[in-house]
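These notes are about the structure you will find just below.
One is the number of the first residue; the rest follow in order along the sequence.
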Amino acid sequence: MIIENLNISFNNITFPIYIMTKSVGNNCNLNCTYCQKKSSTNNDLMSINVLERFTKLYIEAQIHSSVNFYWIGGEPMLLGTEFYTKAIEFQSIYGKGKKINNTIQTNGTLITDEWLHFLKENDFTVILTIDGPQFCHDHYRVDKNGKGTFNDVMESLNKIREYGIKHSIKTTINDFNSKFPLEMYHFFKENKILNLNFQPHVSSIRGRVTEWSVSPISYGNFLCSIFDEWVRKDIGRVNVSIFDNTLKVFCRKETHNCVYSQTCGHIAMADVEGNLYTCNKFDADDYQIGNIDNYTITRMMYGRKQLKFGQQKRSNLTLQCKKCQFLKFCNGGCPKDRIGCSINGEKKHNFLCAGYQKFYNHVAPTMTYMAGEIAEGGNVSRVMTFFEDN
Ligand code: SF4
Ligand code: SF4
């Protein structure tokens, strides 16, 4: 490993390496409004040769006993089960006793009976994107004819449940659905979707924030409204990832979500040709860290460029972030979202900052109480009783 003379933090060498694999490039069967990676820009798919070499090197690069393959797109199911059957074959050849996990992130519109059998038989975890109730989901998540995809995704979710396939849900929070926090929250609860992972959508085109990006204040209001409902009724019943991460920090524990961590760099992305990029969110040529034909994955992931990228999350904080009382909670947020301006006019400040501040200010008293209960071995759900009485 080329780690000499580099300022590597403890986490960098003990975290497992994750590589998200874009087996279909940006190819997708849908045409979601907020997706800027339309399929027409790239028609390549990963070849079996690249798949085999990638699988071998990825497994060799792991210092832990389990290996996580994470298939993303575009829409990774476009490749069909044959490709992933080959992936499983290579994983078993090169796995050498390691536990192999596979996760596939899908829009849920291509799931056939054949796919369901395959996913169940090979113990895949499926991540479905559902952006809320039909009027929210269909607002942006449409097919190439402009038709909403809600019914197809919900049908897939029901089948995935029937087959007993491991799954979770990811929800993009945009300018539209952020206006309906309680409708969103109740929809998920009614449909027994109890692990909620909200991903704020922030994007820009030629330096201008897109109209479908969630505004900082809408994002803050969205989180606060859901928090108020959750804290009264659902602690211990519904998991909301940003609440969990925030509570961990109140409990002085480390969060493993890259967005809220001090540094990043241990989650890279592989494209169809075996090029590795610093992160799925940074896939321009400038962020390429090598190709599997020329370097091992260990060398690319612990190389100077990747480590510098990871450390820059902390070293490039604005002055406002450095002085902020909430720094330990958000650590300046994802560098991709740093397209705003700080109160001092400094560029590359997190666009969502005002939303984060609103949320952290709002939850601080309750979370402090909850962290105290946890420290004393008490029952954190007691906070719900407190709200009932007041
Ligand atoms: S750039 Fe953003 S998404 Fe990528 S590893 Fe860093 S925090 Fe995570
Ligand atoms: S809340 Fe805003 S100022 Fe504070 S650390 Fe996060 S992004 Fe920076």
Side-chain angles (χ1 to χ4, degrees), residues 20 22 24-44 72-76 78 105 107 129-132 136-149 170-180 197-222 258-259 264 267-269 271-272 275 277-288 309 312-313 316-318 320-321 330 332-343 345-356:
M20 298 192 165
K22 266 195 166 183
V24 295
N26 293 327
N27 286 294
C28 187
N29 59 320
L30 300 188
N31 192 24
C32 301
T33 315
Y34 55 59
C35 181
Q36 289 167 276
K37 298 184 172 172
K38 304 294 184 194
S39 53
S40 55
T41 58
N42 180 351
N43 289 314
D44 294 332
I72 60 168
E75 172 44 52
L78 279 175
Q105 187 176 304
N107 61 38
T129 308
I130 303 179
D131 283 358
C136 287
H137 181 97
D138 284 351
H139 193 75
Y140 287 138
R141 294 194 67 81
V142 292
D143 67 15
K144 295 205 163 144
N145 297 316
K147 182 173 161 278
T149 56
K170 177 172 87 78
T171 302
T172 304
I173 306 303
N174 53 59
D175 70 310
F176 184 76
N177 63 5
S178 60
K179 293 177 198 143
F180 305 98
N197 180 6
F198 300 132
Q199 305 220 336
H201 181 86
V202 177
S203 59
S204 65
I205 296 176
R206 289 182 288 281
R208 290 184 68 117
V209 175
T210 57
E211 66 196 71
W212 44 84
S213 295
V214 61
S215 75
I217 291 305
S218 283
Y219 187 52
N221 289 341
F222 177 86
C258 62
V259 173
C264 44
I267 308 176
M269 187 273 281
D271 75 3
V272 293
N275 297 309
Y277 296 84
T278 51
C279 168
N280 174 35
K281 311 282 188 200
F282 287 89
D283 59 357
D285 289 350
D286 285 353
Y287 294 96
Q288 196 180 313
F309 170 78
Q312 273 175 343
K313 184 175 184 207
N316 286 353
L317 287 169
T318 60
Q320 186 187 345
C321 283
C330 89
C334 175
K336 176 195 72 77
D337 297 339
R338 295 183 186 176
I339 55 173
C341 214
S342 76
I343 46 174
E346 212 177 332
K347 288 191 174 149
K348 298 194 177 166
H349 188 70
N350 195 307
F351 176 75
L352 294 171
C353 173
Y356 280 136

Check your understanding: Can Val142 and Lys147 be said to form a side chain to side chain contact (heavy atoms under 4.5 Å, CB included), step by step?
Key -> CA-CA 5 Å; Val142 292; Lys147 182 173 161 278; 6.0 Å; no

Exercise for review: Walk me through it: do Asn280 and Ile267 pass the test side chain to side chain contact (heavy atoms under 4.5 Å, CB included)?
Suggested key: CA-CA 8 Å; Asn280 174 35; Ile267 308 176; over 6 Å; no

Check your understanding: After noting the C-alpha distance and the side-chain angles of Val259 and Gln199, does the key distance pass the side chain to side chain contact (heavy atoms under 4.5 Å, CB included) rule?
Key -> CA-CA 10 Å; Val259 173; Gln199 305 220 336; over 6 Å; no

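A donor-acceptor pair is defined here as one N or O able to donate and one able to accept, closer than 3.5 Å; no such pair exists between the side chain of Asn174 and the backbone of Pro200. Side chain of Asn350 to main chain of Gly332: a donor-acceptor pair is present (N/O by atom type, distance under 3.5 Å, no hydrogens or angles). A donor-acceptor distance shorter than 3.5 angstrom exists from the side chain of Gln320 to the backbone of Ile343, with no hydrogens or angles considered. One N or O on the side chain of Asn27 and one on the backbone of Val24 form a donor-acceptor pair closer than 3.5 Å. Panel note: side chain Asn177, backbone Phe180; no donor-acceptor pair is recorded below 3.5 Å. Asp337 contributes no side-chain N or O that, together with a main-chain N or O of Cys334, makes up a donor-acceptor pair within less than 3.5 Å. Between the Thr171 side chain and the Phe198 main chain, no donor and acceptor come within less than 3.5 Å of each other. Without hydrogens or angle criteria, Lys179 side chain to Ser218 main chain gives no donor-acceptor distance under 3.5 Å. Of the possible donor and acceptor atoms, none in the side chain of Ser178 sits under 3.5 Å from a partner among the backbone N and O of Tyr219.
The closest side-chain heavy-atom distance from Val214 to Ile173 is below 4.5 Å. Between Ile217 and Asn221 there is a side-chain heavy-atom pair separated by less than 4.5 Å. Taking the side chain as every heavy atom from C-beta outward, Ser204 and Phe351 never approach each other to under 4.5 Å. Two residues are said to be in side-chain contact when any heavy atoms from C-beta on lie closer than 4.5 Å; Leu30 and Thr149 meet this criterion.
A distance of 11.5 Å separates OG of Ser342 from NZ of Lys347, quoted to the nearest 0.5 Å. The line from CG of Asp175 to OG of Ser215 is 8.5 Å long, rounded to the nearest 0.5 Å. Atom OG1 of Thr129 sits about 8.5 Å away from atom CD of Glu75, to the nearest 0.5 Å. Interatomic distance, CE of Met20 versus CD of Gln105, reported as 6.5 Å (0.5 Å rounding). Taking CD1 of Ile130 as the start and CZ of Arg141 as the end, the distance is 9.5 Å to the nearest 0.5 Å.
Inspection of the Asn29 and Asn107 side chains reveals an N or O donor paired with an N or O acceptor under 3.5 Å. For the residue pair Asp131 / Tyr34, a side-chain donor-acceptor distance below 3.5 Å is found, with atom types taken as modelled. Donor-acceptor pairing under 3.5 Å is lacking for the side chains of Asn31 and Tyr140. Side-chain atoms of Thr172 and His201 include no donor-acceptor pair closer than 3.5 Å.
Between Thr210 and Ser203, the shortest heavy-atom contact is OG1-OG, 2.7 Å. Minimum interatomic distance between Arg338 and Gly333 (heavy atoms only, all atoms of both residues): NH2-O, 3.2 Å. Scanning both residues, Cys321 and His349, for their nearest heavy atoms gives SG-CE1, 3.4 Å. Taking each heavy atom of Gly132 and His137 in turn, the nearest pair found is O-CB, 3.7 Å. Across every non-hydrogen atom of Cys136 and Phe176, the tightest pair is CA-CE2, 4.0 Å. The nearest pair of heavy atoms linking Lys144 to Cys28 is NZ-O, 2.7 Å.
Taking the six-membered ring for Trp and the full ring otherwise, Phe282 and Tyr277 have centroids separated by 6.0 Å or more.
More than 12 heavy atoms of other residues, nucleotides or ligands lie within 6.0 Å of NZ in Lys336, so this atom counts as buried by the packing criterion. The 12-atom threshold is not exceeded at NZ of Lys348, counting heavy atoms of other residues, nucleotides or ligands nearer than 6.0 Å. Around CD of Glu211, the count of heavy atoms belonging to other residues, nucleotides or ligands within 6.0 Å does not exceed 12. Atom OH of Tyr287 sits in a sparse spot, with 12 or fewer heavy atoms from other residues, nucleotides or ligands closer than 6.0 Å.
Considering Thr278, Asn275, Asp283 in turn, Asn275 is the only one that fulfils the side-chain hydrogen bond (donor to acceptor under 3.5 Å, both in side chains) rule with Gln288.
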